[in-house]
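Some notes on the structure that comes next.
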Amino acid sequence: MEKFVIKGGKALHGEVTVSGAKNAAVAILPATILAAGKCVIENLPAISDVMVSLQILSELGANVTMLDKNTYEIDTTYITSTQVPNELSRQMRASYYFLGALLGRFGTAKVAMPGGCNLGPRPIDQHLKAFTAMGAEDTVEYGMIKVSGQELHGAHIFFDVVSVGATMNAMLAACATPGMTILENVAKEPHVVDLANCLNMMGAEIRGAGTDVIKIRGVNYLHGCDYSIIPDQIEAGSYMVAAAATRGDVLVRNVIPKHLEPISAKLQAAGVLVEEFDDSVRVSATGELRPLKIKTMPHPGFPTDMQPLMTVLLSTATGTSIINEGIWENRFRYVDELLKMGANIQVDGQVAVVEGVKSLHAAPLRASDLRAGAALVVAALSANGVSEIDETGHIERGYENIVEKFQALGADIHRAEKPMADLVRAN
Ligand code: EPU
């Protein structure tokens, strides 16, 4: 068990290179199940969610070969099992993508109820609505979800809520299913478009990804491909906020500036300087920042995954900010940790009112989930004194080499083993 030890109060300076997008990778890896032949997937982030996805593929019977630490060759030709091992599917939310991919290829799939960050209820009714519209039956028993249907067909599906997972899962199931599938009220996140681009490289016929309506003409055969995953929008945004929160000056490289617009716009409104280049953004801040009103929404709205990070930034802005969480019911659990650091934040349901304070001070902290954990790292980097953050496994699920990347920006941060005595007390 590891913790991060962070001595804050130093402005970050230099360059950081963003890794591949986690939320694209965890759908593209299951997508290789649909391909007859080898897929080479590049720019995979070396994070634990990707390692779990690769392990699931391997346990199902795929040949998985590491070409370098961010590139894997995957051959799913001889997959023998359609059941994802329980202990692996419970480790991450995205194991639900194996339902769509296995259903699309074999007409059946069984996956344990997925794990992942605890952000309040995380139903998958819209995923199941899409599968049943295509002719599958679903059963949920003893924590296992089974979907099966030997005569799948295209369908017209109108989602009741905009869901990233349901949109991508329906695309996976539909691209090798006979007939035309039309998905309406879909998610438009960059990773939805990336999955569609990857499936199209395999020979799928998907049109409209990135708009409200996606049309998929089922094809008989998908083949292997070489595909490079897009840069991670949220990882990039996290380093942008870290630069601003520490009043530093950082060039964030390997990004698609268009994907960052909702984040850049809010940072600029707060008084942060954001300069866009072809595939990088430079972020710098000095002095006082202005408060903001933010409501998280599906893309192209302000992303919920950036909400904890923006709250940290606004904790030391001059004035009152209002942050409205529009996607998840319970995404302010980290606020208690910020209060320990001297922040002045009141949460009422899905709204946080942040009264800016002069500065944050160090405290012992606990990461409750992935983005909350990243936000606490940024809070600790900007605070005076030495903070320790526990349960950093949540953070390493989604950020490749976060400690090393911050060290390269001049941060005083290192990993340390949690002493046995602390572990005993925690239990
Ligand atoms: N929803 C339903 N029914 C469904 C599916 C979703 O009611 O069948 C609701 C959810 O309860 C939520 C809203 O719809 O209120 C949006 O959920 P969505 O399905 O879009 O979320 P997700 O696919 O489970 C992905 C990301 C999350 C990110 C959300 C929103 C992955 C693996 N996870 O989750 O990322 O917060 O989209 O953008 O792609 C993270 O990376 O830290 C993370 C939590």
Side-chain angles (χ1 to χ4, degrees), residues 1-6 8 12 14-26 29 43-54 69-70 91-94 115-119 190-191 229-246 248 250-256 259-260 263 281 283 303-313 331 334 337 365-382 387-416:
M1 258 249 206
E2 278 190 343
K3 62 182 176 181
F4 292 170
V5 181
I6 300 171
L12 299 180
E15 297 185 3
V16 61
T17 301
V18 170
S19 301
K22 167 182 89 81
N23 290 345
V26 293
L29 289 173
N43 206 29
L44 281 164
I47 53 173
S48 57
D49 273 11
V50 163
M51 296 308 142
V52 173
S53 304
L54 290 166
K69 92 178 163 48
N70 301 110
Q91 284 181 36
M92 61 167 193
R93 185 76 193 153
C117 294
N118 179 4
L119 313 172
H191 28 289
I229 289 174
I230 51 164
D232 196 299
Q233 175 203 30
I234 306 299
E235 190 199 8
S238 305
Y239 288 106
M240 291 166 78
V241 169
T246 60
V250 172
L251 185 70
V252 185
R253 300 176 48 154
N254 185 36
V255 300
I256 299 176
H259 294 170
L260 301 175
I263 303 165
V281 285
V283 180
T304 171
D305 294 341
M306 286 300 299
Q307 180 262 97
L309 288 133
M310 284 306 273
T311 305
V312 166
L313 182 71
R331 206 170 200 177
Y334 64 90
E337 304 299 288
L365 302 167
R366 194 181 69 82
S368 55
D369 66 66
L370 168 60
R371 307 302 172 188
L376 294 181
V377 171
V378 172
L381 288 171
S382 68
S387 299
E388 294 193 354
I389 305 181
D390 280 351
E391 302 198 17
T392 53
H394 289 296
I395 306 171
E396 312 259 20
R397 274 187 44 222
Y399 288 85
E400 178 173 346
N401 291 340
I402 186 168
V403 168
E404 294 71 14
K405 287 187 185 185
F406 274 125
Q407 282 170 345
L409 293 173
D412 190 339
I413 174 172
H414 64 270
R415 296 187 178 86

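Taking 4.5 Å as the limit, some side-chain heavy atom of Lys22 sits within range of a side-chain heavy atom of Leu370. Residues Ile263 and Pro303 have side chains in contact (heavy-atom distance under 4.5 Å, counting atoms from C-beta outward). At least one side-chain heavy atom of Gln407 sits less than 4.5 Å from a side-chain heavy atom of His414.
Among all heavy-atom pairs drawn from Ile47 and Gly398, the shortest one is CG2-C, 3.7 Å. Smallest separation of non-hydrogen atoms from Phe406 and Ala242: CE2-CB, 3.6 Å. Of all heavy-atom pairs between Pro231 and Ile256, the closest is CD-CD1, 3.7 Å. Counting all heavy atoms, side chain and backbone alike, Val312 lies closest to Ala375 at CG2-O, 3.4 Å. When all heavy atoms of Met306 and Val241 are compared, the pair lying nearest together is CE-CG2, 3.6 Å. For the residue pair Leu309 and Asp305, the shortest heavy atom distance occurs at CD1-O, 4.0 Å.
With hydrogens and angles disregarded, no donor-acceptor distance shorter than 3.5 Å links the side chain of Glu2 to the backbone of Gly393. Judged by distance alone, with hydrogens and angles left aside, the side-chain atoms of Thr246 form a donor-acceptor pair with the main-chain N or O of Leu12 at under 3.5 Å. A donor-acceptor contact shorter than 3.5 Å links the side chain of Gln307 to the backbone of Arg331. Within the 3.5 Å criterion, the main-chain N or O of Arg366 finds a donor-acceptor partner in the side chain of Glu337.
Here the straight-line distance linking atom CG of Asn70 with atom CG of Asn43 works out to 6.5 Å at 0.5 Å rounding. A distance of 9.0 Å separates OH of Tyr334 from CG of Leu376, quoted to the nearest 0.5 Å. Rounding to the nearest 0.5 angstrom, the gap separating the CZ atom in Phe4 from the CD1 atom in Ile395 is 4.5 Å. With values rounded to the nearest 0.5 angstrom, Leu260 atom CG is found 8.5 Å from Ile234 atom CD1.
For Ser53, the side chain to side chain contact (heavy atoms under 4.5 Å, CB included) partners are Val26, Leu29, Met92, not counting sequence neighbours. The side chain to side chain contact (heavy atoms under 4.5 Å, CB included) search around Ala25 returns Leu44, Pro45, Val50, Ile229, not counting sequence neighbours.
Checking each of Ile389, Thr392, Leu365 against Val377 for a side-chain contact (heavy atoms from CB on, under 4.5 Å) leaves exactly one that passes, namely Ile389.
Between Asp369 and Arg397 no salt bridge is recorded (no basic side-chain N to carboxylate O distance below 4.0 Å).
Listed by first then second residue, pairs satisfying side chain to side chain donor-acceptor pair (under 3.5 Å) with a partner in residues 229-240 read Glu235-Lys405, Ser238-Tyr399, not counting sequence neighbours.
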